[in-house]
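For reference, the structure is listed below as structure tokens.
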Protein chains: 2
Amino acid sequence: MAARKALTRDDVVDAAVHLLAEVGLEGLSLRRLARDLGVSAPTLYWHVTDKRTLLDHVAERLLLDQWRVTPLTPGEDWAEWLRERATVQYRALIAHRDAARVLAGNRPTEAAMPAVEEVLGTLVGAGFTPAQAFASIQAVGNLVIGSALEYQAERERDATTDRTAGDGPAHDPDRFPHHSALAALLADRPDHGADHDALFRHGLDLMIAGLRVQQAGTVTHAG
Amino acid sequence: MAARKALTRDDVVDAAVHLLAEVGLEGLSLRRLARDLGVSAPTLYWHVTDKRTLLDHVAERLLLDQWRVTPLTPGEDWAEWLRERATVQYRALIAHRDAARVLAGNRPTEAAMPAVEEVLGTLVGAGFTPAQAFASIQAVGNLVIGSALEYQAERERDATTDRTAGDGPAHDPDRFPHHSALAALLADRPDHGADHDALFRHGLDLMIAGLRVQQAGTVTHAG
DNA sequence: TGCCCTCCTCTAACGGTGTTAGAGACGCTA
DNA sequence: TAGCGTCTCTAACACCGTTAGAGGAGGGCA
């Protein structure tokens, strides 16, 4: 046998990330992962303590480049800067299959600290108290992950469900007039209203508008 | 043997809800569920097509009383009304173990339609366009589920993790000054800052403030 | 009475899962 | 040469969701 180079934990995590993209979270088994690596399943336990912690590493890897530090440029609006950051985070989540599900329930790891510190600093610099800044980061993060989760869940559903079925039961317009009006409105669009990017942007806009209001109040109070 | 009354699908769903509260989503297996019902595992397949759809029913059951219709009373502020509704939803989610995880990825079922219709109608009545109202409901929902997910994940983590460990590595105040300031600030509180209810309220306040801004803009445009 | 039929439950089994125990091969160092 | 840490292996355990197919209980009907 040609002497194969020994496996690294990074190799395992890499392969897991790729396998996740290929078969989704349900299909990601240690045996399959081991097979892809040309190794037997229990071998993985030498590199990784647990499947759960393997997924922790995968989550960290998935957000790796999102943690790049991109400081506020002088003269740039902090709110626009924050919106851009949150959007990048959202796009990173929905770009990789089941990324949101893997990420949900993982504490921010050590590697995320510089990025969080940066946002914290920017918001404090914009006039927020540290507590406000912290709560706001959390809120934006929760919105991002909730939106990504919802989007990916719907995508999975669409892939599973029989597509020949129409747009649902076409509910009674008398009982649900607003639903009907909405459906009529969305029927014109080519994507049947499933523009999740715009949907996310709407939510993010609301939250950032709220932040602007809060900041105005704080600044007024302070000065 | 005393003739046992035949099982209903509602019985199965009920037992699943209770078992979920007891052992969490990981521990909820069909065999265990069958044992609790005094029945063999394959029997469940006569009442339920699938574990996945069983969880759908569980999700529906978990939100059942949250779908009660509570119309806007005359003179009541629509924003306060909406905040109240979202808060009830959040509380319902965090009150039951793993409810958020079960709910994530379930399309709103038929039973949720009256409630959604009601919120849709209230927002349209407040001056929003149907599209705005729809996107806003979605946004608030995503925030609620993201927050609940985060809270329950952290709770699970705390239950699992060795509690003797301190509050983490106490990071370098030079590299992470804002983190340090925040930690110092939160150290005074009895709960070490883990007041998730207040954290959720903060996010919800931001979003509702954003909605107020948007409504003001719409009304200005319209009138 | 005898028969059928539908409801509901059973046992047996299949192929999969995460995980542990323990043996063994490779290469470096003394 | 002996020893030791590193890395991988086979065998096995207890569990999982799910299917196949048999069978009992009870009501409706000839």
Side-chain angles (χ1 to χ4, degrees), chain A residues 1-20 22-59 97-98 101-102 104-106 156-157 159-161, chain B residues 1-20 22-59 97-98 101-102 105-106 153 156-157 159-161:
Chain A
M1 276 296 168
R4 189 181 43 201
K5 194 186 164 294
L7 228 51
T8 325
R9 200 183 68 178
D10 277 355
D11 294 336
V12 175
V13 175
D14 270 347
V17 168
H18 288 128
L19 185 55
L20 178 68
E22 187 183 348
V23 299
L25 188 54
E26 324 291 352
L28 175 53
S29 79
L30 294 186
R31 282 177 164 91
R32 171 76 191 266
L33 178 58
R35 186 160 63 87
D36 285 7
L37 285 164
V39 116
S40 80
T43 295
L44 298 179
Y45 281 81
W46 197 92
H47 300 278
V48 154
T49 71
D50 215 306
K51 187 185 185 180
R52 178 65 217 263
T53 72
L54 168 63
L55 287 181
D56 289 351
H57 294 304
V58 169
R97 182 169 177 188
D98 279 342
R101 271 163 80 198
V102 171
N106 281 70
E156 203 90 2
R157 252 179 270 119
T160 306
T161 304
Chain B
M1 272 297 168
R4 188 182 43 200
K5 196 188 162 293
L7 228 51
T8 325
R9 201 183 65 176
D10 276 356
D11 294 337
V12 176
V13 175
D14 269 348
V17 168
H18 288 129
L19 184 55
L20 178 67
E22 189 183 346
V23 299
L25 189 54
E26 324 291 353
L28 175 53
S29 78
L30 295 185
R31 283 177 161 92
R32 171 76 191 266
L33 177 58
R35 186 159 63 86
D36 285 8
L37 285 164
V39 116
S40 80
T43 295
L44 299 180
Y45 280 81
W46 197 92
H47 301 277
V48 155
T49 72
D50 215 308
K51 186 184 186 182
R52 179 63 218 264
T53 71
L54 168 62
L55 288 181
D56 289 350
H57 294 304
V58 168
R97 181 168 176 188
D98 280 340
R101 270 165 80 198
V102 172
N106 281 70
E156 203 90 1
R157 252 178 271 119
T160 306
T161 305

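These numbers were taken from a predicted model, which means no experiment stands behind them. Just so it is clear: chains get the letters A, B, ... in the order the sequence lines come, proteins before strands, and each one is counted from 1.
Here D:dC16 presents its C1' atom at 14 Å from CD of A:Glu26, a figure rounded to the nearest Å. A:Leu30 has its CG atom 11 Å from the P atom of C:dT20, to the nearest Å. Between the CG atom of A:Leu54 and the P atom of C:dT17 there is a distance of 15 Å, given to the nearest Å. When the P atom of D:dT6 is taken as reference, atom CG of A:Leu44 falls 18 Å away, rounded to whole Å. To the nearest angstrom, P of C:dT19 lies 3 Å from OH of A:Tyr45. Whole-Å rounding puts the A:Lys5 NZ to C:dA25 P distance at 23 Å.
With values rounded to the nearest 0.5 angstrom, A:Leu28 atom CG is found 9.5 Å from A:Asp36 atom CG. Between the CG atom of B:Leu37 and the OG1 atom of B:Thr43 there is a distance of 10.0 Å, given to the nearest 0.5 Å.
For D:dC9, the OP1/OP2 oxygens have a side-chain nitrogen or oxygen of A:Thr43 closer than 4.0 Å. At D:dT6, none of the side-chain N or O atoms of A:His47 fall inside 4.0 Å of OP1 or OP2 (strictly under the cut-off).
Within the 4.5 Å cutoff, no side-chain heavy atoms of B:Val48 are placed close to those of B:Leu30.
Panel note: side chain B:Ser29, backbone B:Arg32; a donor-acceptor pair is recorded below 3.5 Å.
The side chain of B:Arg31 has D:dG17 as its nearest neighbour among D:dG17, C:dT17, D:dT6. Side chain of B:Trp46, nearest nucleotide from C:dG18, C:dT20, C:dC8: C:dC8.
Using a 4.0 Å heavy-atom distance criterion, B:Ser40 is classed as a base contact.
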